[in-house]
Amino acid sequence: MNNTDPSDDSVRRQLLTRLRHLRNAGIEWLPRAAPLDFAAASKTEAVAQECSEGDLLESRRLALITLADEVKSCTRCAELCSTRTQTVFGQGEPDVELCFIGEAPGAEEDAQGIPFVGAAGQLLNRIIDASGFRREEVYICNILKCRPPGNRTPLPNEAANCRGYLDRQLELVRPKYIVALGACAANNLLQNTISVGKLRGRFHQYKDIPVMVTYHPAYLLPHRSPQSKREVWEDMKMLLQKMGRPVPAKS
Ligand code: URA
Ligand code: URA
């Protein structure tokens, strides 16, 4: 192995970075493998080409952890970073088929650091369940990673500050379908100002990903518009059909 070859150095740096990520993720040992032939893989590109799908998925998982860490120390919104208990990055694994995007963490999410764990979250769980998914097989995140004080609507500059995180998050998760929950999620993701009532019932696009818009689960709570659950179920059926999944009989 030629220690002065700059491409060796670059490979070594990447390996060290990767090992550091693994250690941060709690992985303290790795199974022994045959020694790498650095001479044969002298170019980083060659190494990348030899990466299996599993390696690539693992890199995206690590990149998501790194991005979540970056978000943890974000101070772009002076008010939000001084009032939050913690950031709420998202929940789920990369490469899932379906991603739900909400508005912003509420009190319970701010306390636990997990999206959709309060009252609206319980309703979202029922929607996920009724559609034949397990919560562990979808990805869940929000437009904002911090709770707005008193659960006020996110301000346009807050959504803009957080947008880069969302775009990178979606690039790493790479969902095949997105559900935008409510007007805040839909309008920010799709960059329009159209109401949920007018956006639902057809598919939209975020980059090349089909987006379905439906009502926010908080809107379906008893004191607001529980009768709109019927429309949410219609929307989920439309999505399941597009995904080629069976439509469970409504319980
Ligand atoms: N409402 C949202 O939009 N997101 C959450 O995470 C919780 C409630
Ligand atoms: N208005 C919203 O902002 N969200 C909904 O889900 C319904 C109406």
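These values consider heavy atoms only, across backbone and side chains, with no hydrogens, waters or symmetry-generated copies. All figures in this text were calculated on a predicted structure; none of them were measured in a lab. Atoms within each ligand, like the ligands themselves, are counted from 1 in listed order.
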Proximal atoms of ligand 1 relative to [X] (non-hydrogen, under 4.0 Å):
| X | value |
| --- | --- |
| His216 | 1 (N), 2 (C), 3 (O) |
| Pro115 | 6 (O) |
| Gly102 | 3 (O) |

Task: N or O pair under 3.5 Å between Pro105 and ligand 1 - done: no

Open item on the list: When you compare ligand 1 with Glu103, is there at least one nitrogen or oxygen pair between them that comes in under 3.5 angstrom?
Closed with: yes

Open item on the list: Tell me whether Lys242 forms a cation-pi arrangement with Tyr177, defined as NZ or CZ under 6.0 Å from the six-membered ring centre and within 45 degrees of its axis.
Closed with: no

TODO: Decide whether a cation-pi geometry holds between Arg76 and Tyr165; the criteria are a distance under 6.0 Å from NZ or CZ to the six-membered ring centre and an angle within 45° of the ring axis.
DONE: yes

Task: Electrostatic pair Arg168-Glu171, nearest N-O below 4.0 angstrom - done: no

Open item on the list: Strictly below 4.0 Å, N to O, side chains only: are Asp69 and Lys72 in salt-bridge contact?
Closed with: yes

- [ ] With atom 5 (C) of ligand 1 as the reference point, say which of Ala120, Gly121, Gly106, Ala104 has the nearest heavy atom.
- [x] Ala104

Open item on the list: Considering non-hydrogen atoms of the protein only, which is the closest contact for atom 4 (N) of ligand 1, and what is the distance?
Closed with: Asn142 OD1, 2.8 Å

Open item on the list: Please evaluate residues Asp95 and Val173 with respect to the criterion side chain to side chain contact (heavy atoms under 4.5 Å, CB included), reporting the C-alpha separation (whole Å), side-chain torsions for both, the decisive distance (0.1 Å), and the verdict.
Closed with: CA-CA 5 Å; Asp95 236 25; Val173 174; over 6 Å; no

- [ ] Step by step, work out the side chain to side chain contact (heavy atoms under 4.5 Å, CB included) result for Gln91 and Glu109.
- [x] CA-CA 11 Å; Gln91 187 181 39; Glu109 291 77 20; over 6 Å; no

